[in-house]
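Just below is one structure, and these are the notes that go with it.
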Number of protein chains: 2
Amino acid sequence: MDDVQAWDTAVLLLRAATELTDGIQRGVAARGFADVRPAHGFALVRISRGGATVAELAEHLGVTKQAASQLTELLVSRGYVTRTVDPCDGRGRLLQLTEQGWTCTRAAQQAGAETVSGWQRAASDRTVRSLRTALAAVVTPGPLRPGW
Amino acid sequence: MDDVQAWDTAVLLLRAATELTDGIQRGVAARGFADVRPAHGFALVRISRGGATVAELAEHLGVTKQAASQLTELLVSRGYVTRTVDPCDGRGRLLQLTEQGWTCTRAAQQAGAETVSGWQRAASDRTVRSLRTALAAVVTPGPLRPGW
DNA sequence: TCTAATCGTCAAGATACTTGACCATATCGA
DNA sequence: TCGATATGGTCAAGTATCTTGACGATTAGA
């Protein structure tokens, strides 16, 4: 595969990601969570995996601790997240999802699944399965960030 | 494919997009363009396709005309883009890439191709080809935006 | 202990966006 | 032909989100 084809692949991937994030954004809003930005969604998904600290969140999102702290403050004030003192470390404050936070996270998952299901109808089940297999083969585990 | 698998596919796609955009960003910076943000890259790619107006750029990026105008001003002041009066429409100002703009755009393309080539080495040529085929089958033409 | 490192936050400034207003030009119908 | 209306672009001001810098609280290590 030459450079032109490789770049073409990159463009297709970025376009697919744009479609997907747009779909998630719309779906989440349609389910009644109009006040969550994409970055909030990434934060909620991260916190849902067994909780997180502000510092972990910062690294995950690729921003400073202060920015993550501000984001957290917003999520707390809107009732998506709670801050509890970490019993093992008096400095750390463990972030966890509230019931509303879980509902919102599930809404994002449903909206994402919906978009992918749309691709299955437009193309085919086999195509999306091969997409999934190929992606799983190339990606390395790591953070999900609000893109470029 | 159930909802869990569909969401899993979505996560893999977002992770791949994160890897790719990080790779492009690093590659572009390494080639000497440290002052371009991701959004600038999307703008340059759009303008490279035969020029664009501010309004077209705004729609492409999903922002207001004013934001696109400010972005343009920045790209002009840094020597990536020129504004010329549209001969067919006295209102419109056609944006076009300077030589430096082209060099930067090519740098982004090379960096993107490089990342995809890395996937070919890590996985296989066949895997990336099937990725490309699957993506081409599911995506609809449309704008590339700095994602979520 | 005493020192250095880490967690989280406060404060202030930079940056990138928004809404609202405006002028210049183009288009269309009477 | 001309007046109403729409469109392209910009100026100005406000807002949101990020940054850097400083700080107190807590923990870990020499």
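A note on names: the letters A, B, ... follow the listed sequences, proteins ahead of strands, and every chain is numbered from 1.
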- Message: For chain A and DNA chain D, what are the first and last nucleotides along the strand, 5' to 3', with at least one atom under 4.0 angstrom from a heavy atom of the protein chain?
- Response: D/dT17 to D/dT27
- Excluding sequence neighbours, so at least two apart, what forms side-chain contact (heavy atoms from CB on, under 4.5 Å) with B/L44? B/L75, B/Y80, B/V81, B/L97, B/C104, B/T105
- Query: Which heavy atom of B/A17 sits nearest a heavy atom of A/A17, and at what distance?
  - Reply: CB-CB, 3.6 Å
- Item | Inter- and intrachain pairs under salt bridge (Lys or Arg N to Asp or Glu O under 4.0 Å), touching residues 130-141 of chain A, at least two apart | A/R132-B/D8
- Message: Pair A/V116, B/L13 - check side chain to side chain contact (heavy atoms under 4.5 Å, CB included), show working.
- Response: CA-CA 10 Å; A/V116 173; B/L13 180 61; over 6 Å; no
- Task: Kindly give the heavy-atom pair with the smallest separation between B/S69 and B/V54, and that separation in Å.
- Result: N-CG1, 3.8 Å
Between the protein and nucleotides 1-6 of chain C, list the N/O to N/O atom pairs that are separated by less than 3.5 angstrom.
unit_1, atom_1, unit_2, atom_2, d
C/dT6, O2, A/R91, NH1, 2.8

- A/V139 and B/A16: which non-hydrogen atoms are nearest, and at how many Å? CG1-CB, 3.6 Å
- Query: After noting the C-alpha distance and the side-chain angles of A/Q100 and A/R78, does the key distance pass the side chain to side chain contact (heavy atoms under 4.5 Å, CB included) rule?
  - Reply: CA-CA 9 Å; A/Q100 187 190 357; A/R78 293 187 181 167; 5.9 Å; no
- Message: Within residues 80-88 of chain A, which residues have any heavy atom lying less than 4.0 Å from an atom of DNA chain D?
- Response: none
- Excluding sequence neighbours, so at least two apart, what forms side-chain contact (heavy atoms from CB on, under 4.5 Å) with B/T133? none
- Contact check, residues 66-76 of chain A vs DNA chain D, heavy-atom distance under 4.0 Å, returns A/Q66, A/A67, A/Q70
- Return each pair, listed once, that meets salt bridge (Lys or Arg N to Asp or Glu O under 4.0 Å) where at least one residue sits in residues 55-65 of chain A; pairs must be two or more places apart or across chains. A/R46-A/E56
- Item | Nearest heavy-atom neighbours spanning B/T18 and A/L144 | OG1-CA, 4.0 Å
- Message: So, using side-chain contact (heavy atoms from CB on, under 4.5 Å) as the criterion, who are the partners of B/R83 when residues are at least two apart?
- Response: B/T72, B/E73, B/V76, B/R93, B/L95
- Which pair of non-hydrogen atoms, one from A/M1 and one from A/T9, has the smallest distance, and what is that distance? SD-OG1, 4.0 Å
- Task: Just grab all the side-chain hydrogen bond (donor to acceptor under 3.5 Å, both in side chains) pairs involving residues 112-121 of chain B, residues at least two apart or on different chains.
- Result: B/E19-B/W119, B/R31-B/E114
- Query: Closest approach of B/A123 and A/A137, non-hydrogen atoms and distance?
  - Reply: CB-O, 4.0 Å
- Task: Return the value, rounded to whole Å, for the distance between atom NE2 of B/H40 and atom P of C/dT15.
- Result: 11 Å
- Query: Where along residues 50-58 of chain A does a heavy atom come under 4.0 Å from DNA chain D, residue by residue in number order?
  - Reply: none
- Message: Does anything in residues 95-112 of chain B form a salt bridge (Lys or Arg N to Asp or Glu O under 4.0 Å)? List the pairs, not counting sequence neighbours.
- Response: B/E99-B/R106
